[in-house]
Amino acid sequence: MTQALRIWPLLTATHRYEKTISTFGRGLGQMIDAPILAYLVETKNGRILYDVGCDHRKINDPIQRARYYDPTTSVMGAPDMREEHRLPHHLARLGLTPLDVDVIFIGHLHFDHAGGLKELRRCGCGAEIHVQQDEWDAASSGEDPAVFADDLIDDAGAPLQFRLQHGEYGVLPGVTAISTPGHTAGHMSMLIELPKGPPVLLAGDAADLQENIDDEIAPGTLWQGREAQAVASIRKLKALATETNAQLWPNHDMAFYRRLPTFPKACE
């Protein structure tokens with residue numbers, strides 16, 4: 001029996017960029033507005049955060065913004081991240097603090113998914129941080145420009161302590177880590193069985209948009225050009241959704257996000 005109780009989608013920022021970032025070979029010159037989401041999963045045995053959004057300081061401190069989002073070198077530019085988008089703010093609206101998070105599950109280590117780790121540590125969060133070994137190895141290589149090395153250390157400069165995983169596994173009963181590489185080397189999605197409604201399958205950045213799912217088109221950014229692997233991961237997610245009768249949620253689709261329950265309402 002599942003231990004998952006409910007899921008809150010958390011809007012941690014919005015980002016305006018050319019659609020080719022989300023759809024491989026499509027959308028040249030077309031700008032889209034995308035949500036940057038994290039997901040809080042409440043279970044009978046604690047709380048799980050799937051992804052943690054961006055580093056607020058890198059966006060809102062002028063010196064750091066110029067360093068990390070230099071418009072002359074950054075393809076995407078800086079997201080729009082306001083005070084109300086920060087994870088401690090979302091948690092406070094639920095009567096929680098970062099200390100109430102037990103597991104942080106990082107789908108992949110790009111800046112818009114792992115950047116909030118440092119702030120959570122600063123707020124006293126001692127949760128285990130799960131990430132795939134393949135993802136860590138690729139991020140550590142310095143070859144992925146969407147990984148900010150500074151996101152992976154604490155304020156004292158010490159490396160964050162990740163619990164490195166290998167392949168698919170049960171996070172706890174009813175919550176399963178699903179391997180979906182292609183966008184990054186060790187990208188992971190998550191299947192969550194809910195007590196009332198259908199299961200939810202968080203695609204993560206294996207599928208930014210509903211278009212990625214419907215047309216089986218790879219994300220626009222790929223680890224070492226692995227388009228075929230990315231498409232295979234989308235097909236795997238679609239097959240799993242059919243098999244389990246799950247809702248398959250794209251990760252950066254504004255129209256889809258607006259159809260979800262408005263925070264602080266949850267999916268149960």
Side-chain angles (χ1 to χ4, degrees), residues 7-24 26-40 49-62 64-71 73-94 98 104 106-120 145-148 151 183-184 187 189-190 200 202-213 219-221 248-267:
I7 307 169
W8 287 275
L10 308 176
L11 182 64
T12 68
T14 60
H15 207 177
R16 185 169 179 79
Y17 55 77
E18 189 179 72
K19 186 170 174 279
T20 52
I21 297 294
S22 286
T23 50
F24 187 76
R26 288 190 185 181
L28 183 65
Q30 180 182 348
M31 302 301 291
I32 63 172
D33 293 300
I36 297 177
L37 300 173
Y39 303 90
L40 180 64
L49 263 177
Y50 178 99
D51 287 346
V52 294
C54 302
D55 182 350
H56 184 265
R57 287 187 179 178
K58 288 187 178 68
I59 295 171
N60 290 282
D61 176 88
Q64 293 200 44
R65 184 185 181 98
R67 175 184 175 188
Y68 289 97
Y69 298 104
D70 182 347
T73 58
S74 174
V75 175
M76 300 177 71
D80 179 8
M81 185 180 186
R82 305 177 186 183
E83 189 66 29
E84 63 267 25
H85 292 142
R86 300 170 78 170
L87 287 175
H89 177 83
H90 287 301
L91 292 169
R93 290 187 65 189
L94 297 172
I104 297 172
I106 300 296
H108 66 296
L109 288 168
H110 284 177
F111 69 90
D112 53 336
H113 298 267
L117 287 171
K118 189 177 294 188
E119 177 169 27
L120 289 171
V147 174
F148 294 166
D151 287 339
H183 174 60
T184 63
H187 186 280
S189 304
M190 180 178 280
V200 169
L202 300 177
D205 278 14
D208 281 8
L209 309 177
Q210 187 65 43
E211 181 178 339
N212 295 98
I213 297 168
T221 54
L248 178 53
W249 288 9
N251 212 35
H252 289 296
D253 191 310
M254 186 64 80
F256 179 85
Y257 165 70
R258 286 174 174 161
R259 294 195 296 269
L260 295 175
T262 302
F263 186 81
K265 293 180 181 178
C267 297

Taking the inter-plane angle between the rings of F148 and Y69 on a 0 to 90° scale, is it parallel (under 30°), tilted (30 to 60°) or perpendicular (over 60°)?
perpendicular

Would you check if the side chain of E18 reaches a backbone N or O of L28 as a donor-acceptor pair within less than 3.5 Å?
no

Do P250 and N212 have side chains that get closer than 4.5 Å, going by heavy atoms?
no

Check H56, R86, R57 against E119 for a side-chain hydrogen bond (donor to acceptor under 3.5 Å, both in side chains) and give me the one that passes.
R86

Answer whether the closest heavy-atom distance between the side chains of L40 and L94 falls below 4.5 Å.
yes

Please tell me whether H183 and H110 form a close aromatic pair, meaning their ring centres lie under 6.0 Å apart.
yes

Centres of the H113 and H252 rings: under 6.0 Å?
yes

Under 3.5 Å, side chain of D55 to main-chain N/O of K118, donor-acceptor pair present?
no

Using the test side chain to side chain donor-acceptor pair (under 3.5 Å), find all partners of R65 that sit at least two apart in sequence or belong to another chain.
none

For the CZ atom on R16, are there more than 12 heavy atoms of other groups (residues, nucleotides or ligands in this structure) within a distance under 6.0 Å?
yes

Rounded to the nearest 0.5 Å, how far apart are CD of Q30 and OG1 of T23?
7.5 Å

Please check if the side chain of H90 supplies one atom and the backbone of L11 the other of a donor-acceptor pair under 3.5 Å.
yes

